[in-house]
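Everything numeric in this text was worked out from a predicted model, so none of it was measured. Ligands are counted one by one from 1 in listed order, and the atoms in each one are counted from 1 as well. In this chain, numbering begins with 1 at the start of the sequence shown. These numbers come from the heavy atoms of this one structure, side chains and all, not from hydrogens, waters or symmetry mates.
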Amino acid sequence: MALTETMPAAVPSAHEGILRRQSLRESAARTYARSLPIVPVRARGLTIEGADGRRYLDCLSGAGTLALGHNHPVVLEAIRAVLDSGAPLHVLDLATPVKDAFTTELFATLPRELAEKGRIQFCGPAGTDAVEAAFKLVRTATGRDGLMAFSGAYHGMTSQALAASGGAQHTSVVRLPYPYDYRCPFQTGGERGAELAARWTQSLLDDHKSGVSQPAGMILEPVQGEGGVIPAPDGWLRRMREITAARQIPLIVDEVQTGVGRTGAFWAVDHSGIVPDVIVLSKAIGGSLPLAVIVYREELDAWQPGAHAGTFRGNQLAMAAGAATLAYVRTHGLDRRAGELGARMLDRLGSLAAAHDCIGDVRGRGLMLGVELVDRSADADATGARPADPRLAAAVQHACLDRGLIVELGGRHSAVVRLLPPLTITDEQADAILDRLADAITAAVRTTPGPTGSSPTTMRGTSP
Ligand code: PMP
């Protein structure tokens, strides 16, 4: 009997069927789903289980959203309490006890000056809508129109947020240099590079023939996330604060990704001690559910009722989950823990870089870590930087997934492997993440030819 007659036709697993239907039905613009072909069905903490039964360590964390990891008990309890209470789930922007508690908890964590004299605007539930609100707010308050933003920035996908992002084209947003040590535009790096970047900003504002008029505001990320995990030096942030304050330019700090302990301080601005005029918050403040707000100095509160309306600005479940998350991070000192563990992980990543010449740079702050992969066969520039190697980065991401580790790619050329684990991970889990990453890099360099057509990249020594 022929084999085909005895064997039933292969039935695709539920996992494969779901992935196949997704690729047939979903948009060409889908993103994470392309490089991470998994079907999550259960998750707890750092771990996700797929429909195929495989388990993964999740260092993407909903693009940096899950400060407490998946389904943390305090988050689930807070959500259940709202559901069991019979409270309305949809309330537009009306006052509720849940919202009141969230706002109180949020203000308790913010820089004092901002909390004491701050106003909060609940925005549409995405970070990008809060960025739009921030721009509208400062434009109304100053009566000016222009904005200043930084090379490599990412602020979202709606029109003005996109215009302020590094990938924008044809915009009237004035672009300023962000201090990027490894690829310093002034080819000096370090404090000198950051100082030159600050001076350029200052001269654009003070030279009345620079072609740049007084803007309505300046927006920056304290650590560029999507731009490739680039922490701004604290001194440079203080310079930006001085430059903007001296010229009555509202400073908008986008803490959508850096907030809630991620960088080793509750808010990344706490490292430098600067107090922004507007702080943009989303991701972790919703405790894994959609929520976005801006908090700003009350002097800016000159916009009219309805100036930034929207139907979904009262997500009660997100506020309850968010308040529980903020309180847990605060009372358990998870910001400090992120700083200490992140420093140790960065140390180990440094050893990994010493062992692999395809790693151009490792950097980060707290549990926001990046590994920039480069073409080792290409010549280095004057500061030692080599061209990015996005093909190798994609191979590393793939090899990580094979080893049960989910990582994100970012950076100007998608050549930075990004780690954004929950702040709750144990030392053992951190080691497991780095073991898998090291193994994945070793495997990827063996099989991936360099972008210049050279033979597969090699290791400097043995990985740690
Ligand atoms: N700002 C920053 C710094 C971000 O990282 C992001 C999202 N990655 C956004 C804004 C936009 O947030 P959302 O995707 O929720 O619109």
Side-chain angles (χ1 to χ4, degrees), residues 27 29-33 35-36 59-67 121-137 147-168 173 178 180 217-232 237 240 251-263 265 267-269 276 278-295 308 310 312-313 315 318 321-322 325 364-370 407-412 414 416 418-420:
S27 153
R30 69 192 185 279
T31 52
Y32 302 102
S35 47
L36 300 170
C59 281
L60 174 55
S61 294
T65 300
L66 305 170
Q121 164 74 16
F122 286 83
C123 301
T128 194
D129 190 63
V131 170
E132 299 284 337
F135 292 163
K136 206 182 284 177
L137 176 85
L147 292 167
M148 289 187 143
F150 289 85
S151 51
Y154 184 82
H155 299 294
M157 279 284 158
T158 50
S159 111
Q160 293 293 299
L162 194 57
S165 298
V173 175
Y178 192 85
Y180 183 0
M218 172 191 283
I219 184 164
L220 59 81
E221 294 155 272
V223 180
Q224 284 191 345
E226 308 300 325
V229 195
I230 307 171
L237 283 167
M240 290 303 107
L251 177 64
I252 304 164
V253 175
D254 180 343
E255 289 240 29
V256 166
Q257 194 163 138
T258 51
V260 196
R262 168 73 46 203
T263 69
W267 306 107
V269 289
V278 186
I279 190 162
V280 185
L281 306 174
S282 188
K283 293 199 193 270
I285 63 158
S288 75
L289 298 177
L291 188 62
V293 303
I294 54 172
V295 180
H308 198 76
F312 289 107
R313 292 179 299 128
N315 189 332
T325 299
R365 200 154 198 184
L367 289 175
M368 196 169 174
L369 298 163
V407 296
E408 156 86 304
L409 297 183
R412 315 300 210 257
S414 294
V416 179
R418 303 179 57 206
L419 300 177
L420 293 161

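Per-residue contacts place G156 under 4.0 angstrom from the following atoms of ligand 1 (heavy atoms of the residue considered): 11 (C). The contact set between ligand 1 and E221, taken as ligand atoms under 4.0 Å from a residue heavy atom, comprises 3 (C). Every atom of ligand 1 with a heavy atom of G127 under 4.0 Å away is listed here by number and element: 12 (O), 13 (P), 15 (O), 16 (O). Those atoms of ligand 1 with a heavy atom of D254 less than 4.0 angstrom away are 1 (N), 2 (C), 3 (C), 10 (C).
The main-chain N or O of G310 is found under 3.5 Å from a side-chain atom of R313 such that the two form a donor-acceptor pair. Formation of a donor-acceptor pair under 3.5 Å by the Q224 side chain with backbone atoms of S151 is found in this model. A donor-acceptor pair is defined here as one N or O able to donate and one able to accept, closer than 3.5 Å; no such pair exists between the side chain of Q121 and the backbone of V293. A side-chain donor-acceptor contact under 3.5 Å links T325 to the backbone of A321. With R365 contributing its side chain and V223 its backbone, the two residues share no donor-acceptor pair below 3.5 Å.
With a 4.0 Å cut-off on non-hydrogen atoms, T128 touches ligand 1 through its backbone as well as its side chain. Residue contacts with ligand 1, taken as heavy atom pairs separated by less than 4.0 Å, involve K283 solely via side-chain atoms from C-beta onward.
Across every non-hydrogen atom of A284 and A67, the tightest pair is CB-CB, 4.1 Å.
Atom 5 (O) of ligand 1 has its closest protein heavy atom at Q257 NE2, 2.8 Å.
When distances from atom 14 (O) of ligand 1 to the protein are checked, no heavy atom turns up under 4.0 Å.
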